[in-house]
Participant: 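Questions regarding the structure given below will be posed in turn.
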2 protein chains.
Amino acid sequence: MGYQPNAIAQGLVKKETKTIGLIIPDITNPFFPEVARGIEDAAVEAGYTVFLCNTNWNAEREERYLNVLMQKQVDGLIIGPSSEEVSHLGKILDSGIKTVFISRAINHANSTCIIIDNVLGAQQAVEYLIQRGHRKIAFVGGREDISTNRERLQGYTQALSNNGLALDESLVKTGSFKRDSGYFIMNQLLKSEACNRPTAVFAANDLLALGVIQAVKENGLSIPSDMAVVGFDDIEFASLPEIQLTTVAQPKYDMGKLAFSTLMELMRGGGYSSGRKILLDPVLVIRETG
Amino acid sequence: MGYQPNAIAQGLVKKETKTIGLIIPDITNPFFPEVARGIEDAAVEAGYTVFLCNTNWNAEREERYLNVLMQKQVDGLIIGPSSEEVSHLGKILDSGIKTVFISRAINHANSTCIIIDNVLGAQQAVEYLIQRGHRKIAFVGGREDISTNRERLQGYTQALSNNGLALDESLVKTGSFKRDSGYFIMNQLLKSEACNRPTAVFAANDLLALGVIQAVKENGLSIPSDMAVVGFDDIEFASLPEIQLTTVAQPKYDMGKLAFSTLMELMRGGGYSSGRKILLDPVLVIRETG
DNA sequence: TTGTAAGCGTTATCAG
DNA sequence: CTGATAACGCTTACAA
């Protein structure tokens, strides 16, 4: 007869809200909506509502969302951390609220996280480039303080040294994980004498790669003959016929599903899964830009 | 001293949760993240937390989210409806919860909504195509039962009749608002005899246009000489140098900000803004596909 | 089986 | 001005 139970009062007594919070750094990067969809599909199926919060790579905003969600007694949290500044994140862990980290680990002993093997992925990408004959390969990265970036950089340097190539610091540039940053960095890289220029670029994500490609084309060079470009993530647009970006694919949607089921285990009290690090395998998708 | 007020108990007595719900049909379509960001930025500034829910164009899921959000006593709701089936939406309005509809109006007397003039936008796009000499222009639409689609179709037919062109039913096709749907429809359209083929396509959104373009290219035709394509929305990827999609732009981010400030007015009890329909102006962005 | 009372963590009100 | 207390709407446990 039109009666709606009041979930607030319910939550007060049951100490369970059938609600989880999802915090991501950039809803505008197609990578995150894809994992969010995986999480949401799994959550809906299990009777949960997910509250998606976007921090815009802003640590303050992240902390604020964290507090609000905790106050609101969400039963669990899935966080794609926007910084390595773990002081506020550590507080969460210690407060006992069930949390799963995605896409990047944080420095906390028993944090549960689901990440991709960034080192391996980057290494595969760069080794592929080397195989194709490239010797001067640039690294165009995102934010320096983000582990994702550090790990992909590590894979890059590892691939170089595995193949007896020296690391040229002038070919390593970082900015933010956005398209305009890739565009800006690549334009800088192209300013140097033609003989010192890289012949290939490994970009730390697809958005950066898209910016790199734009800069390359605007400078009258063609891809991949003058400049090979490889990205990371395999967002949907990477497969467009006009783009055909060679990139390291992450299982985005499945990562989301896995994140929720792992959180579910945690919430059900399966303490054994706490502190678990789940490492997923990347796969290099070869298309036409590199 | 580490004390966190319990927002649940607070909400119970204060009947205010400093929380709003945002329901959108497809987080995977870059159009929505962009408006969500506008909403979120405005909300955070005003001390609100926004709970983003993605219905996947699924009316059942929409209703479910609606109920949960109502139970949770969100102070307000911003909804991008995923269907015109307003029975459950009407219930919401009648329950008195402050609501702003975005991107499509619903059939309810005093609903407040922020929409773009779809008829005008489509008309501009198609008239541009006619101006460029096209006589056989196809309409590739999204879901038939969505007003957005109907209105854009209406603009299309209006542009034709304004210019003394007959409406050819065989050139009007609808599916869903996704890329694969555009791809599928265009392939069908290209099956007909070359002489009956359209020379231009107006797609009801950019995702569809991207699918159309893919089909056209795979059939060995070039754009825009063999087939001109115009989209709708102006998502970020439309401006990529490889894409350069001609499209009808919507002020996505500002639409989000406006949606929140309008909701704020409603929540503050400014009854005068209830039932208001805010109609935004589209602008045709001419690039290289048409 | 049906009904009543206690308590969840706040805030707001009303005596003192 | 301060400190005790009712009330918010529900669930659950226990008594009738």
Side-chain angles (χ1 to χ4, degrees), chain A residues 1-23 43-51 53 61 63-77 79 88-99 263-264 266-271, chain B residues 1-23 43-51 53 61 63-77 79 88-99 263-264 266-271:
Chain A
M1 26 182 290
Y3 164 75
Q4 284 281 13
N6 180 330
I8 295 217
Q10 269 175 334
L12 190 55
V13 21
K14 295 219 289 200
K15 288 171 178 311
E16 189 197 34
T17 59
K18 283 289 184 183
T19 271
I20 68 163
L22 168 59
I23 299 183
V44 165
E45 200 176 333
Y48 279 77
T49 298
V50 7
F51 295 150
C53 309
R61 197 144 132 183
E63 180 162 10
R64 175 176 181 167
Y65 269 129
L66 229 36
N67 287 329
V68 176
L69 288 169
M70 276 175 72
Q71 283 174 24
K72 289 217 187 298
Q73 325 270 95
V74 290
D75 298 338
L77 238 32
I79 307 182
H88 57 292
L89 292 175
K91 202 176 67 183
I92 298 293
L93 271 316
D94 297 334
S95 85
I97 181 166
K98 305 305 183 185
T99 306
L263 178 60
M264 214 40 193
L266 243 39
M267 293 190 302
R268 269 202 279 262
Chain B
M1 19 183 292
Y3 164 74
Q4 283 282 14
N6 179 329
I8 294 217
Q10 268 174 334
L12 188 56
V13 23
K14 294 219 290 201
K15 287 169 178 312
E16 191 197 34
T17 59
K18 283 288 183 184
T19 270
I20 67 165
L22 168 59
I23 300 182
V44 165
E45 201 176 332
Y48 280 77
T49 299
V50 7
F51 296 151
C53 310
R61 195 143 135 185
E63 180 162 10
R64 176 176 181 166
Y65 268 129
L66 228 37
N67 286 330
V68 176
L69 287 169
M70 275 175 72
Q71 284 174 23
K72 290 218 188 297
Q73 324 273 95
V74 291
D75 297 338
L77 238 32
I79 308 181
H88 58 290
L89 291 175
K91 202 175 69 183
I92 298 291
L93 270 316
D94 297 335
S95 86
I97 182 166
K98 305 304 182 183
T99 307
L263 178 60
M264 212 41 190
L266 242 39
M267 293 191 302
R268 268 202 281 261

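Residue numbers begin at 1 in each chain, while the letters A, B, ... track the order of the sequences.
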Participant: Could you tell me the boundaries of the chain B footprint on DNA chain D, defined by atoms under 4.0 Å from its heavy atoms?
Facilitator: D:dC8 to D:dG9
Participant: Do the side chains of A:Thr49 and A:Thr17 get nearer than 4.5 Å, heavy atoms only?
Facilitator: no
Participant: For the residue pair A:Leu66 and A:Leu77, establish whether any side-chain heavy-atom pair is separated by less than 4.5 Å.
Facilitator: yes
Participant: Among side-chain atoms of A:Lys72 and B:Thr19, is any donor-acceptor pair under 3.5 angstrom?
Facilitator: yes
Participant: If we ignore hydrogens and angles and just use 3.5 Å, is the side chain of B:Arg64 paired with the main-chain N or O of A:Val44 as donor and acceptor?
Facilitator: yes
Participant: Taking atom C1' of C:dA12 as reference, at what distance in whole Å does atom NZ of B:Lys15 sit?
Facilitator: 14 Å
Participant: Does C:dA12 have its OP1 or OP2 closer than 4.0 Å to a side-chain nitrogen or oxygen of B:Lys14?
Facilitator: no
Participant: Which heavy-atom pair separates A:Gln73 from B:Asn6 by the least distance, and what is that distance?
Facilitator: NE2-ND2, 3.5 Å
Participant: What is the distance, to the nearest angstrom, from the CG atom on B:Leu12 to the C1' atom on C:dA12?
Facilitator: 13 Å
Participant: Does the side chain of B:Tyr65 come within less than 4.5 Å of B:Ile79's, by heavy atoms?
Facilitator: no
Participant: Grab the CD1-P distance between A:Ile8 and C:dG7 for me, whole Å please.
Facilitator: 23 Å
